[in-house]
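Keep in mind that this is a model prediction, so the values were computed, not measured.
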Amino acid sequence: MLVIDGGDRRARILGRGTNRVQGRKRVFFIMVILISAVFLLTCLPGPAEAQPISIPSLTLEVDSADNPEELTQSLQILLLITLLSLAPALLIMVTCFTRIIVVFSFLRNALATQPMPPNQVLIGLALFLTFFIMAPTWQEINQNALQPYIRGEITQDSAFERGMEPLRDFMFKQTRENDLALFVSFADIPQPETYDDIPNHVLIPAFIISELKTAFQIGFVLFIPFLVIDMVIASTLMSMGMLMLPPMMISLPFKILLFIMVDGWNLLVRALILSYS
């Protein structure tokens, strides 16, 4: 029995050695084939009609201006590029976008649905509501200022003054007198007698803080019904002895159900539109 076992072990050892040798031969053969293929690919000449790929180059030159008109045009182009980069900020500051997006943020916090709706959805809805509310003002600007300027009937300064008139009327209607008086008192300007005497750099910040105040007032009214639901749920859970259960987890479905039953989006958007009428 010992001799038989020794023979089996020797056979197994010999078999393993044979397999290792065969495996090494296979690896060596595959390496030789790969090296030969790479050598052939590098040594073979390419097609005669192949052309090198040309990479375009971009150059930016700054030349000296021969006359003042060229310098003025360059400054106008630079100013136009700057205004285009600031266009989103101007859209936010002088339109109803500020009030709408702040109210939407208050609503999402009151519902306690932090990621829903997403920021992209709220910003998109606020932009389209801004376009809807500001459409009459922009139509008046297009009719009285932009189209006559394109036809060459008025100058650039006159087009700017005509275009600012409807926008100033919109901002004056939404600006509180005490906010306007605040910036007028700190501005180094003569005491204005009419609204036309108030410059734009005084009107725009007064309009912004008035919009923020109105948005916070609407947000406070939005918080009241949802706060009542949170208080009722919290007191109910405490009376039942469920102190370890978060009240927000139970109150969230009830707040969403309440918002759906009263058609909250319709009421909120209706209130925002009527606030500018």
Side-chain angles (χ1 to χ4, degrees), residues 60 62-102 123-215 272-273 275-277:
L60 180 62
V62 179
D63 297 332
S64 60
D66 298 332
N67 49 49
E69 294 181 355
E70 295 182 0
L71 179 60
T72 303
Q73 293 178 356
S74 301
L75 292 177
Q76 289 178 354
I77 294 174
L78 179 61
L79 180 61
L80 179 60
I81 295 174
T82 304
L83 290 177
L84 289 176
S85 62
L86 296 176
L90 295 176
L91 176 64
I92 292 173
M93 294 297 103
V94 299
T95 61
C96 57
F97 181 84
T98 303
R99 182 188 302 185
I100 296 173
I101 195 63
V102 172
I123 293 174
L125 179 58
L127 282 175
F128 278 104
L129 286 177
T130 302
F131 296 152
F132 178 80
I133 295 173
M134 298 295 297
T137 302
W138 287 340
Q139 289 176 1
E140 189 174 354
I141 293 173
N142 180 54
Q143 182 178 358
N144 297 336
L146 183 59
Q147 294 301 325
Y149 177 73
I150 293 175
R151 293 193 296 265
E153 299 176 357
I154 57 176
T155 61
Q156 184 176 358
D157 296 336
S158 180
F160 177 77
E161 293 178 358
R162 290 188 181 184
M164 284 301 299
E165 288 179 0
L167 198 58
R168 284 170 58 89
D169 292 340
F170 171 79
M171 288 190 288
F172 274 123
K173 291 179 181 179
Q174 307 300 327
T175 305
R176 293 178 173 83
E177 293 183 359
N178 57 345
D179 296 333
L180 193 60
L182 171 65
F183 288 95
V184 170
S185 61
F186 284 100
D188 189 12
I189 58 174
Q191 185 65 28
E193 298 180 357
T194 61
Y195 285 155
D196 296 335
D197 299 333
I198 300 176
N200 293 329
H201 71 275
V202 175
L203 172 60
I204 293 176
F207 168 74
I208 294 172
I209 63 175
S210 296
E211 288 290 285
L212 289 175
K213 182 178 180 179
T214 304
L272 288 172
I273 295 175
S275 65
Y276 287 98
S277 60

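Distance CG/D197 to CD/Q191: 9.5 Å, rounded to 0.5 Å. Taking CG of L182 as the reference point, atom CD1 of I209 lies at 5.5 Å (rounded to 0.5 Å). Here the straight-line distance linking atom CD of E161 with atom OG1 of T155 works out to 8.0 Å at 0.5 Å rounding. Interatomic distance, CE of M164 versus CG of D169, reported as 10.0 Å (0.5 Å rounding). Separation of atoms CD1 (I208) and CD1 (I204) is listed at 7.0 Å; rounding is to 0.5 Å. Taken to the nearest 0.5 Å, the CZ atom of R99 stands 11.0 Å off from the OG1 atom of T130.
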**Item:** Test side chain to side chain contact (heavy atoms under 4.5 Å, CB included) applied to T98 and F207, step by step
**Value:** CA-CA 10 Å; T98 303; F207 168 74; over 6 Å; no
**Item:** Chi angles and distances behind the side chain to side chain contact (heavy atoms under 4.5 Å, CB included) call for F183, I198
**Value:** CA-CA 10 Å; F183 288 95; I198 300 176; over 6 Å; no
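Nearest heavy atom pair, residue V94 against residue M134, reads O-CE, 4.4 Å. Scanning all heavy atoms of the two residues, the minimum distance from V202 to A187 falls at CG2-CB, 3.8 Å. For I141 against P166, the heavy-atom pair with the smallest separation is CG1-CG, 3.8 Å. Here the shortest heavy-atom pairing between A145 and A159 reads CB-O, 3.3 Å. The shortest non-hydrogen separation linking R168 to L203 is CG-CD2, 3.9 Å.
In this structure, R176 contributes its side chain and S210 its backbone to a donor-acceptor pair below 3.5 Å.
For CZ of F172, the number of neighbouring non-hydrogen atoms (other residues, nucleotides, ligands) closer than 6.0 Å is greater than 12.
In this structure, L129 and Y276 have side chains that are not in contact, with every pair of non-hydrogen atoms separated by 4.5 Å or more. Using a 4.5 Å heavy-atom cutoff, the side chains of C96 and Q174 are not in contact. In this structure, I123 and F97 have side chains that are in contact, with non-hydrogen atoms separated by less than 4.5 Å. Side-chain contact between I100 and I133 is present, with heavy atoms from C-beta onward closer than 4.5 Å.
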